Amino acid sequence: MPITALNPGQQKASGIASDGAKPAPKQLAMRYDARAKVTGTAKYAGEFRAPTDAVYAFVVQSTIPSGSIASIDQAAATKSSGVLAVITPFNAPKLPPANPQPPARRHITVLQEREIFYNGQPVAVVVARSLPEAIQAASLLRITYRQTAAKLRFRERLGEARPPKFPGREPAAQTRGDLAAAMSKGTVRVEQTYTTPYQHHNPMEPHATLAWWEGGKLNVYDSTQYIAGDCMTIARTLGIPTDNVHLECPYTGGGFGCKGSTWSHVILAAMAAKVVGKPVKLTLERPQMWGPVGGRPTTVQQIKLAATQDGKITGVQHDVIVHTSLMEDFLEPSADQTRMLYASEACATSHKMVDMNLGVATFMRAPGESTGTAALETAMDELALALKMDPVQLRLTNYAEKDPGSDKPWSSKHLRECYEQAGERFGWSKRNPQPASMREGNKLIGWGMATATYPANRSAAQALVRILTNGHAFVGCGSQDLGTGTYTIMAQTAGDTLGIDPRLVEAKLGDSTLPKAPASGGSQSAASICPAISAAAMQAKLKVAQLAINDPESPLHGAIVADISASDGRLFLSSSPGSSDSYADILSRNGGKPVEALGSTEPGEDSTAMSTHSFGAVFAEVAVDAETYMVEVRRIVATYDIGTLINDTTGINQLEGGIVWGVGFALHEESHLDETYGRYVNANLAEYHVPVNADIGKLDVTVLNIPDIKFNPLGARGIGEIGITGTAAAVGNAIFHATGKRIRNFPITLDKLMNA
Amino acid sequence: MNPFEYQRVSSTEEAIRHIGAPIGTHGAKFLGGGTNLIDLMKLDVECPSVLVDITRLELTKVEPTANGGLMVGALVRNSNLANDPHVIEKYPLLSQALLSGASPQLRNMATTGGNLLQRTRCYYFTDTAFPACNKRVPGSGCAAIQGFNRIHAILGQTDHGPTSGESCIATNPSDMNVALTALGATIHVQSAHGKRSIPIADFHRLPGSTPQLDTNLKPGELITAVELPVSRFAKNSWYLKVRDRQSYAFALVSVAIGLEMDGNTILSAGMALGGVAHKPWRSLEAEQELAGAPATRQSIEKAADLALEGAKGYEHNVFKIQLAKQSIMRALTLAARGTTAGREA
């Protein structure tokens, strides 16, 4: 309990005035886990110890992209120092037939087959006393393959694109209105193709699993974004009951989507633990983060926009082709936001995929909206230029007052205010629309903007809240903290509902024995678990209130429940605030035991009647060197409409993190595939470029803080992903404004600018 | 990582005794800062059977020489060298180059001698799963020629096709080496056979027919010091590094320029390019062109063209030719304007 780490002077309570909602909760100004993080006592999956000494497993990967394993000579490896087991498709324990399915589905290869689907596929596991011994033994394996022709050249195979085999949450293709007629009405058109590269998540903490068996029961520490789903998938894959898996993950060192599913190494760790009869620790090496644990599909997106001279968009067409693996279809739905972002007479969108000999792709921060807004918001900039219209004005002209895709009303939408607020803070009104019109010495200066958007998701969740006899409280929820602030908002929400200082609330998460929570993905954790925590806290508070009402010694004796409120660890009568009793006193007089309650919530019935999205406006200033074409992002100003911001510290930080990634999306990030061998050549953090501090200028992030109480009682929508959306296009549009050069293939590297 | 023997030595003589075996795939290697060697050992690219830890040797001084130059011990850390008062005052080009490399943490570890021996970042060299790399496995071919070659060489490479056992289009990734080349440094080495000095221009190699060799260092030789000649370029020098992000990225192209000026006339020039060849690329023709020429756009452009004569690009790096030209011109302009003025630009 890091209570002592908190500085009471930092406590702040920002009031929310609008929409008649209740005042904002008292915020925990410092992260709940700040002290544990900065002192290194926060333990991650790979740092735990099992009851007995763990041994180490190393995953051996294929070095060919397509074919099958002919043989594995493991004689030398088996004899190598410290080796306990060499597990291959020829000797691995047989598992039940694979049946990838929700919630944590991803097709994984766990030594049950000899086929090779991609370069980097796990083909063996070496278990040894130490990691260096395991790695050394792995290099002694002699693996022979039967190679077959591999599908590795995406751009050359676009003609083979096909619809996804299975429908996603949204249909892959959708048409609204008469597109041909709408297109023909538009006299100003943009028709362009945009591309985005292969990307790989690479959270700071690589995937790590520690597993050991106690009879038929499996204990696992695993770095995951989804405790409940991970448990279920492990159990199902191994063919054991879910209750036989106990999984813990108190801290996740970043995830961004790649830890939302259960990948091969988790199962292989459990399998190895079974084979050697000891706890097994398996931590992926950094280069192993490219391939077997997902990534973002590469996309080719064709966009057609038609508008009348006054800027009214008549028709929109957005056709997306992404790559997919041979094992499982994963769709990056880049055109989804195009269905809802702007009003138009007609809109047609489609997604197709091309089979490739690459690892299974998966959700990566804002799957769909990150790549989709990069393309759509660049196309909008091109349309504004063609119309000789201000880019903000073009967006206002086509402002969607309701969701044009579903024809439903928004639960709450204040995007107009985002444009206004961010534009004002940026100084957009001073912009000269002429490209290449601003210069400082060798630097070409440009200003660009884009719209950000991400759906507001919410799932069923449960939480436990306990009021302790000393007046403190406990909140437990089987959620995850990816560095996002889950601990902080759990303590804060419980404290707020109970009327107990959030600094006196202990929070526990990351354990499969706790009440179930959804995946920390789709920006849904806060919006899902906080209502459950609030409901649990409310029930616990009522239980204590009932004790007081029934207690003749209590000043609240005989009161009606509805009159009882809570604050500063005390219950009091709203009608007579002088009559109060503390939680501690009530509990000590009534059995001296804690009182607890379980809260369980799910999206409201009316959630299907509304469209729930977050929005934002992003403005960027860049300086481009006129001769070397190195790009500097000097400042980003963004304002978001994300409902209530539950915690300023963690919330603004997440939005900023998303923006930083958006800058990297625009300028740096790309996994380079060798199209002969099917290996990513820059599989390390020196050459897989993401922004460093020097790449990020000033960030000015604000939120409107207007509660969306139709979405959930807290009025809070998720914030994990929206920051990356729109940012790449804003930066790209600023580069165009600086140079007059439009780069439609992300990332916008200096060679592309030089050659344009 | 292969099992290896580790020996810590306390004198130059002891180090030389222990290195014994030739510097090769399975011989002994000196361990300095370890920022490159240890990484490559983890990748199974370097597999020395003995590591001779020389970090306790007394090769950590930066001292003015009797003839007005500067002697830099082989174990001087990159951070210390970059921030040394003599270097800042007399060789700002070197300081600028060092500070543009890696990160503060790496510079705190990396040594002067180690940086001289930094190996290429060629992807096909550092990933043993690629079967063809003449530098890693002599005679195996060069996968980079038809692979992803954005960071590769445009000058001085050996290209007899991807299957040739001599082909190599790798580049030297160091920033320090580029500045040292422009400054005309001398490398002092010592072995069981005695001491010798190697001008830096002869220290690194072009791939020729033996791309497995990065340098002309002989087996058993220990770099003891780097000597800088009398400073001529303090007032007019510039290191320009062009890369994919603002920090912590290897150069796509870098240019080290030192000029001796009289008014607007260039008396003499030292110029080297990084990121374009197997060694820091020095063009004597360009330097001669600049000597005696006015610092005008015309003469600067002519020098740039001369420096890049014969450049040949590949699918992903052909842009480097134009980029290098523009970078040379920019760096020359900034250097001519003056070291301090350039810094403010």
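Remember, predicted model here, so these are calculated numbers, not experimental data. The chains referred to below are lettered A, B, ... by the order of the sequence lines, with proteins before strands, and numbering in each begins at 1.
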Q | Region of A/E632 that comes under 4.5 Å of a non-hydrogen atom in chain B | A | both
Q: Check whether A/N693 gets within reach of chain B through its side chain, its backbone, both or neither, counting any heavy atom under 4.5 Å.
A: neither
(Q) Using every non-hydrogen atom in the two residues, find where A/T628 and B/L323 come nearest and quote the distance to one decimal. (A) O-CD1, 3.8 Å
Q. A/D674 and B/Y124: side chain to side chain donor-acceptor pair (under 3.5 Å), yes or no, with the steps?
A. CA-CA 10 Å; A/D674 180 288; B/Y124 301 91; 2.4 Å; yes
Q | Side chain / backbone / both / neither for B/R150 at chain A, heavy atoms under 4.5 Å | A | side chain
Q: Kindly give the heavy-atom pair with the smallest separation between B/R121 and A/N684, and that separation in Å.
A: NH2-OD1, 4.2 Å
Q: Output yes when B/K320 and A/D751 qualify as a salt bridge under the 4.0 Å nitrogen-oxygen rule, no when they do not.
A: no
Q: Ignoring hydrogens and angles, tell me if any N or O in the side chain of B/Q326 forms a donor-acceptor pair with the backbone of A/E627 under 3.5 Å.
A: yes
Q. Would you call B/R330 and A/N442 a side-chain contact if the rule is heavy atoms closer than 4.5 Å?
A. yes
Q) Taking atom NZ of B/K302 as the centre, does the number of heavy atoms from other residues, nucleotides or ligands within less than 6.0 Å exceed 12? A) no
Q.
Working note: B/K42 + A/E285, criterion side chain to side chain contact (heavy atoms under 4.5 Å, CB included); need CA distance, chi angles, decisive distance, verdict.
A. CA-CA 10 Å; B/K42 286 181 178 174; A/E285 298 286 304; 6.0 Å; no
Q: Work out which heavy atom in A/V692 is nearest to a heavy atom in B/S247; give both atom names and the distance.
A: CG2-O, 3.6 Å
Q | Close side-chain approach of B/Q146 to A/T676, heavy-atom, < 4.5 Å | A | no
Q | Contacting moiety of A/V631, where chain B heavy atoms sit under 4.5 Å | A | backbone
Q.
Main chain of A/D695, side chain of B/R245: is a donor-acceptor contact present, judged purely on distance under 3.5 Å?
A. no
Q: Could you check which of A/D625, A/N119, A/T63, A/I64 has the highest count of heavy-atom pairs closer than 4.5 Å to chain B?
A: A/D625
Q: Only pairs at least two apart or in different chains count here, so list each ring-ring contact (aromatic ring centres under 6.0 Å, His included) that has a residue in residues 315-337 of chain B.
A: B/F148-B/H316
Q. Side chain, backbone, both or neither: which part of B/D127 has an atom under 4.5 Å from a heavy atom of chain A?
A. side chain
Q: With a 4.5 Å cut-off on heavy-atom pairs, point out which of B/G147, B/A129, B/A143 contacts chain A the most.
A: B/A129
**Q.** Other residues, nucleotides, ligands: >12 heavy atoms within 6.0 Å of A/R439 CZ
**A.** yes
Q: To the nearest 0.5 Å, tell me how far B/D244 CG sits from A/H668 NE2.
A: 7.5 Å
Q: Go through A/N682, A/V681, A/L667 and name the one with the most non-hydrogen pairs under 4.5 angstrom from chain B.
A: A/V681
Q) At a heavy-atom separation under 4.5 Å, does A/L685 approach chain B through its side chain, its backbone, both, or neither? A) backbone
Q.
Under 4.5 Å from any heavy atom of chain B, what part of A/H689 do you find: side chain, backbone, both or neither?
A. both
Q: Flag the one option from A/A686, A/P132, A/P691, A/G441 with the top tally of heavy-atom pairs under 4.5 Å to chain B.
A: A/A686
